[in-house]
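To find a chain, count down the sequence lines: A is the first, B the second, and so on, and within it residues start at 1. The figures that follow rest on heavy atoms only: side chains count, while hydrogens, waters and symmetry mates do not.
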Protein chains: 2
Amino acid sequence: MPDFDACAALFKALAHPVRLQILSLLRAGEVCVCHMEAALGRRQAYISQQLMILREAGLIDSRKEGRQVFYWITEERTLRLLDDLFGPAPVENPALEACPCPRCAAANPSTLRLSEEEEPYAHH
Amino acid sequence: MPDFDACAALFKALAHPVRLQILSLLRAGEVCVCHMEAALGRRQAYISQQLMILREAGLIDSRKEGRQVFYWITEERTLRLLDDLFGPAPVENPALEACPCPRCAAANPSTLRLSEEEEPYAHH
DNA sequence: TACACCTATTCAATATTCTGAATGTAAATC
DNA sequence: GATTTACATTCAGAATATTGAATAGGTGTA
């Protein structure tokens with residue numbers, strides 16, 4: 001006899017558009033919160049709330065690196081389910097202009113120059 | 001871009017233990033409401049409420065035959081999802097003593113005799 | 001140490017879901 | 001036509017989920 005309560009709890013965690021968007025982002029591999037914030041255009045606290053629900057359902061896990069927190073999908077079967085739902089997974093997440101994390105900064109040299117080199121000439 | 005709202009709505013319909021039980025019953029083929037009532041041990045009105053939610057989500061469809069209503073799973077992909085969740089599907093639903101529908105009655109001759117033939121000897 | 005940055009948590013107001021009870025409806029039977 | 005049978009719908013109170021606002025916590029940096 002299957003555990004209908006446990007299954008229902010899993011589906012409950014999945015039954016939310018923003019949580020599905022987050023999982024969709026995580027299909028390409030681990031992602032930090034600030035990246036999700038930039039990609040989804042939602043406030044950070046809101047995303048953290050949804051991440052907590054996904055974490056408590058056992059769908060994702062997290063890892064701290066400096067002051068960032070990276071999340072990833074825990075189980076292979078979740079990835080397969082998302083493939084069924086959304087089609088084949090993207091190999092890589094795009095770098096986002098609005099995302100301040102090191103990965104995105106490295107891929108966005110224009111943004112890097114403004115913060116790490118000299119001011120624009122107009123200011124002189 | 002996937003339709004996250006539509007997917008979330010689907011999961012919402014699945015996110016309930018009794019609704020999952022109903023779908024699990026329907027894996028073996030179409031089933032009438034009184035059969036579900038006997039199999040799940042729930043009141044009829046309650047089951048009808050859950051059936052309505054599954055119907056509105058497009059997961060099941062129904063057919064009237066006399067005063068009974070038979071339900072079945074609409075899409076093949078739903079059956080595959082249930083297989084993933086619960087393992088391979090049973091080929092047939094068992095006949096239930098408590099179910100008055102013709103199919104179960106035919107498979108339960110003892111029950112049949114009581115209602116269609118003479119009273120037990122003890123009553124004479 | 002003080003500060004800025006990135007993330008997590010708590011709180012409260014609102015919205016939605018759940019579930020029992022009562023009632024409605026349509027088909028078959030008497 | 002009245003009754004029974006099988007199922008559907010409506011209603012209301014309780015429980016739960018949603019989401020914005022405020023704030024707390026930990027980590028790197030000046």
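- Of the residues in residues 8-19 of chain A, A:Lys12, A:His16, A:Arg19 come within less than 4.0 Å of DNA chain D through at least one heavy atom, sorted by number.
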Quick one: do A:Arg42 and A:Glu37 satisfy salt bridge (Lys or Arg N to Asp or Glu O under 4.0 Å)? Show the steps, please. CA-CA 6 Å; A:Arg42 302 277 183 164; A:Glu37 197 181 345; over 6 Å; no
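- Between the side chain of A:Arg19 and the main chain of A:Leu51, no donor-acceptor pair closer than 3.5 Å is present.
- Between B:Arg103 and B:Glu92 no salt bridge is recorded (no basic side-chain N to carboxylate O distance below 4.0 Å).
- Atom CE of A:Met52 and atom C1' of D:dG20 are 14 Å apart (whole Å).
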Please write out each protein N/O paired with an N/O of nucleotides 21-29 of chain D under 3.5 Å, distance rounded to 0.1 Å.
residue	atom	partner	partner atom	Å
D:dA21	N6	A:Gln49	NE2	3.3

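- Residues that satisfy the salt bridge (charged side-chain N to carboxylate O under 4.0 Å, His left out) test with B:Arg77, not counting sequence neighbours, are B:Glu75.
- Once you apply a 4.0 Å limit to the heavy atoms of chain A, the touched nucleotides of DNA chain C run 5' to 3' over C:dC5 to C:dT10.
- In this pair, B:Phe4 and A:Phe86 present their aromatic rings perpendicular. The plane angle is above 60°, beyond the 30 to 60° band.
- Within the 4.0 angstrom heavy-atom criterion, only backbone atoms of the sugar-phosphate kind lie near B:Tyr71; the bases stay farther away.
- At whole-Å resolution of the value, CD in B:Gln68 and P in D:dT5 are 13 Å apart.
- Rounded to an integer number of Å, the gap from OH of A:Tyr46 to P of D:dT19 is 4 Å.
- Rounded to a whole Å, the CZ atom of B:Arg55 is 13 Å from the P atom of D:dC7.
- Near DNA chain D, defined here as any heavy-atom distance below 4.0 Å, the residues from residues 29-38 of chain B are B:Cys32, B:Val33, B:Cys34, listed numerically.
- Listed for the B:Asn93 side chain is no donor-acceptor partner under 3.5 Å among the backbone atoms of B:Val31.
- Applying the side chain to side chain contact (heavy atoms under 4.5 Å, CB included) test to B:Ser48 and every residue at least two apart in sequence or in another chain returns B:Gln44.
- Of the residues near DNA chain C, A:Ser48 and B:Ile53, the one whose nearest nucleotide (by heavy atom distance) lies more toward the 5' end is A:Ser48.
- Listed for the A:Thr74 side chain is a donor-acceptor partner under 3.5 Å among the backbone atoms of A:Leu59.
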